[in-house]
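Heavy atoms only: backbone and side chains are in, while hydrogens, waters and symmetry mates are out.
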Amino acid sequence: MKTKLLLRIAAVLMLLHTAGHTMGALSWKEAPNARIAAVVNGMQNEHFNFMGRSLTLASFYDGYGFSMIGVFLLISTLLWMLSTEPIGRMISVMGLFLLFLGVMELIYFFPFAAAFSLLAGLSTLVAYGRSNLSKSN
(Lines give C-alpha, C1' and ligand atoms only; values in the text may rest on other atoms or scores of the structure.)
Protein backbone atom coordinates (compact mmCIF):
# COMPACT_ATOMS: atom_id res chain seq x y z
CA MET A 1 0.00 0.00 0.00
CA LYS A 2 1.05 3.54 -0.61
CA THR A 3 1.95 6.02 2.10
CA LYS A 4 -1.09 8.18 1.39
CA LEU A 5 -3.54 5.28 1.77
CA LEU A 6 -1.91 3.99 4.95
CA LEU A 7 -2.07 7.42 6.56
CA ARG A 8 -5.68 7.87 5.54
CA ILE A 9 -6.52 4.47 7.01
CA ALA A 10 -4.88 5.62 10.25
CA ALA A 11 -6.86 8.90 10.11
CA VAL A 12 -10.16 7.06 9.66
CA LEU A 13 -9.31 4.62 12.47
CA MET A 14 -8.69 7.55 14.78
CA LEU A 15 -11.89 9.25 13.64
CA LEU A 16 -13.79 6.06 14.51
CA HIS A 17 -11.97 6.03 17.84
CA THR A 18 -13.12 9.62 18.36
CA ALA A 19 -16.74 8.62 17.69
CA GLY A 20 -16.57 5.73 20.16
CA HIS A 21 -14.82 7.82 22.77
CA THR A 22 -17.41 10.58 22.36
CA MET A 23 -20.26 8.13 22.94
CA GLY A 24 -18.49 6.85 26.06
CA ALA A 25 -17.71 10.34 27.34
CA LEU A 26 -21.34 11.38 26.97
CA SER A 27 -22.81 8.26 28.57
CA TRP A 28 -20.44 7.19 31.36
CA LYS A 29 -22.85 8.38 34.06
CA GLU A 30 -25.51 5.88 32.93
CA ALA A 31 -24.69 3.16 35.46
CA PRO A 32 -25.57 -0.43 34.53
CA ASN A 33 -26.27 -1.45 38.14
CA ALA A 34 -26.78 -0.08 41.65
CA ARG A 35 -23.18 -0.54 42.81
CA ILE A 36 -21.75 1.41 39.91
CA ALA A 37 -24.51 4.01 40.32
CA ALA A 38 -23.31 4.53 43.89
CA VAL A 39 -19.74 5.09 42.65
CA VAL A 40 -20.90 7.51 39.94
CA ASN A 41 -23.06 9.32 42.49
CA GLY A 42 -20.06 9.67 44.81
CA MET A 43 -17.93 10.97 41.95
CA GLN A 44 -20.56 13.61 41.17
CA ASN A 45 -21.48 14.69 44.68
CA GLU A 46 -18.30 14.56 46.78
CA HIS A 47 -16.65 17.96 46.36
CA PHE A 48 -13.10 18.87 47.29
CA ASN A 49 -11.07 22.04 47.02
CA PHE A 50 -8.41 22.06 44.36
CA MET A 51 -6.45 25.16 43.44
CA GLY A 52 -9.17 27.47 44.71
CA ARG A 53 -12.12 25.63 43.18
CA SER A 54 -14.65 23.20 44.54
CA LEU A 55 -14.53 20.20 42.21
CA THR A 56 -15.62 16.58 41.96
CA LEU A 57 -13.90 13.54 40.50
CA ALA A 58 -16.67 13.52 37.90
CA SER A 59 -15.64 16.99 36.73
CA PHE A 60 -12.05 15.76 36.27
CA TYR A 61 -13.31 12.65 34.48
CA ASP A 62 -15.50 14.77 32.18
CA GLY A 63 -12.70 17.23 31.52
CA TYR A 64 -10.19 14.55 30.58
CA GLY A 65 -12.77 12.77 28.45
CA PHE A 66 -13.74 15.90 26.52
CA SER A 67 -10.08 16.91 26.16
CA MET A 68 -9.31 13.54 24.60
CA ILE A 69 -12.09 14.06 22.04
CA GLY A 70 -10.16 17.15 20.92
CA VAL A 71 -6.85 15.24 20.92
CA PHE A 72 -8.33 12.42 18.83
CA LEU A 73 -9.80 14.92 16.34
CA LEU A 74 -6.43 16.67 16.12
CA ILE A 75 -4.67 13.37 15.48
CA SER A 76 -7.19 12.42 12.78
CA THR A 77 -6.77 15.80 11.11
CA LEU A 78 -2.97 15.72 11.26
CA LEU A 79 -2.83 12.20 9.82
CA TRP A 80 -5.08 13.26 6.94
CA MET A 81 -2.95 16.36 6.32
CA LEU A 82 0.23 14.28 6.44
CA SER A 83 -1.24 11.98 3.79
CA THR A 84 -1.24 14.89 1.32
CA GLU A 85 2.01 16.56 2.45
CA PRO A 86 4.08 13.90 4.19
CA ILE A 87 6.77 15.02 6.62
CA GLY A 88 8.90 12.03 7.56
CA ARG A 89 9.80 12.88 11.13
CA MET A 90 6.25 13.95 11.91
CA ILE A 91 4.88 10.66 10.55
CA SER A 92 7.31 8.61 12.64
CA VAL A 93 6.60 10.61 15.81
CA MET A 94 2.84 10.28 15.24
CA GLY A 95 3.18 6.53 14.74
CA LEU A 96 5.20 6.10 17.93
CA PHE A 97 2.75 8.30 19.87
CA LEU A 98 -0.20 6.22 18.65
CA LEU A 99 1.53 3.00 19.75
CA PHE A 100 2.17 4.56 23.16
CA LEU A 101 -1.46 5.67 23.36
CA GLY A 102 -2.61 2.18 22.41
CA VAL A 103 -0.50 0.58 25.14
CA MET A 104 -1.85 3.03 27.72
CA GLU A 105 -5.41 2.26 26.59
CA LEU A 106 -4.70 -1.45 26.84
CA ILE A 107 -3.36 -1.09 30.37
CA TYR A 108 -5.85 1.43 31.76
CA PHE A 109 -8.99 0.97 29.63
CA PHE A 110 -9.88 -1.95 27.35
CA PRO A 111 -8.66 -3.81 24.24
CA PHE A 112 -11.31 -2.49 21.84
CA ALA A 113 -10.23 1.12 22.39
CA ALA A 114 -6.56 0.15 22.28
CA ALA A 115 -7.00 -1.65 18.96
CA PHE A 116 -7.88 1.60 17.16
CA SER A 117 -4.76 3.40 18.38
CA LEU A 118 -2.47 0.40 17.92
CA LEU A 119 -3.70 -0.26 14.37
CA ALA A 120 -3.47 3.44 13.50
CA GLY A 121 0.07 3.52 14.94
CA LEU A 122 1.14 0.45 12.96
CA SER A 123 -0.41 1.83 9.78
CA THR A 124 1.40 5.13 10.34
CA LEU A 125 4.76 3.47 10.97
CA VAL A 126 4.36 1.22 7.93
CA ALA A 127 3.55 4.34 5.89
CA TYR A 128 6.72 5.93 7.21
CA GLY A 129 8.77 2.84 6.39
CA ARG A 130 7.37 2.63 2.86
CA SER A 131 7.87 6.31 2.12
CA ASN A 132 10.98 7.80 0.64
CA LEU A 133 10.95 10.15 3.62
CA SER A 134 12.30 7.49 5.99
CA LYS A 135 15.39 7.07 3.83
CA SER A 136 16.15 10.81 3.64
CA ASN A 137 15.99 11.51 7.40
Which residues pass the side-chain contact (heavy atoms from CB on, under 4.5 Å) test with [X], sequence neighbours left out?
X     : answer
Ala31 : Ile36, Ala37
Leu5  : Met1, Ile9
Met43 : Trp28, Val39, Leu57, Ala58, Tyr61
Ser54 : His47, Asn49

Using the ring pair (Phe, Tyr, Trp, His ring centres under 6.0 Å) rule, pick out the option among Phe110, Phe109, Phe72 that qualifies with His21.
->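 Going through Phe110, Phe109, Phe72 one by one, the ring pair (Phe, Tyr, Trp, His ring centres under 6.0 Å) with His21 is satisfied by Phe72 alone.
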CZ/Arg130 to CD1/Ile91 distance, rounded to the nearest 0.5 angstrom?
->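 Separation between the atoms: 13.5 Å.
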Crowded around Met90 CE? As in, over 12 foreign heavy atoms under 6.0 Å?
->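 No, because the 6.0 Å sphere around CE of Met90 holds 12 heavy atoms or fewer from other groups.
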More than 12 foreign heavy atoms under 6.0 Å from CZ of Phe66: is that the case here?
->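 Check passes, neighbour count above 12.
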ILVMFWY clustering at 4.5 Å (side-chain atoms), partners of Leu106 =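 Noted: Leu106 shares its cluster with no other residue.
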Residues that, via side-chain heavy atoms closer than 4.5 angstrom, fall in one hydrophobic cluster with Val93 |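 None; Val93 is a cluster of one.
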Do Leu98 and Leu118 come close enough that some side-chain heavy atom pair is under 4.5 Å?
->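 No, their side chains stay 4.5 Å or more apart.
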Indicate yes or no: at least one non-hydrogen side-chain atom of Tyr108 is less than 4.5 angstrom from one of Val103.
->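 The answer is no; the side chains never approach within 4.5 Å.
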Determine which pairs satisfy salt bridge (Lys or Arg N to Asp or Glu O under 4.0 Å) with at least one residue from [range], sequence neighbours left out, and list them in order.
range          : result
residues 7-20  : none
residues 32-49 : none
residues 67-78 : none

With sequence neighbours excluded, tell me which residues meet salt bridge (charged side-chain N to carboxylate O under 4.0 Å, His left out) with Lys29.
->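 With neighbours one apart ignored, the set is Asp62.
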Sequence-distant partners of Phe50, ring-ring contact (aromatic ring centres under 6.0 Å, His included), two or more places apart =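 Per chain and number, Phe50 pairs via ring-ring contact (aromatic ring centres under 6.0 Å, His included) with Phe60.
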Taking ring-ring contact (aromatic ring centres under 6.0 Å, His included) as the test, write out the residues that go with Phe112, two or more places apart.
->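 Phe112 satisfies ring-ring contact (aromatic ring centres under 6.0 Å, His included) with Phe116 once adjacent residues are dropped.
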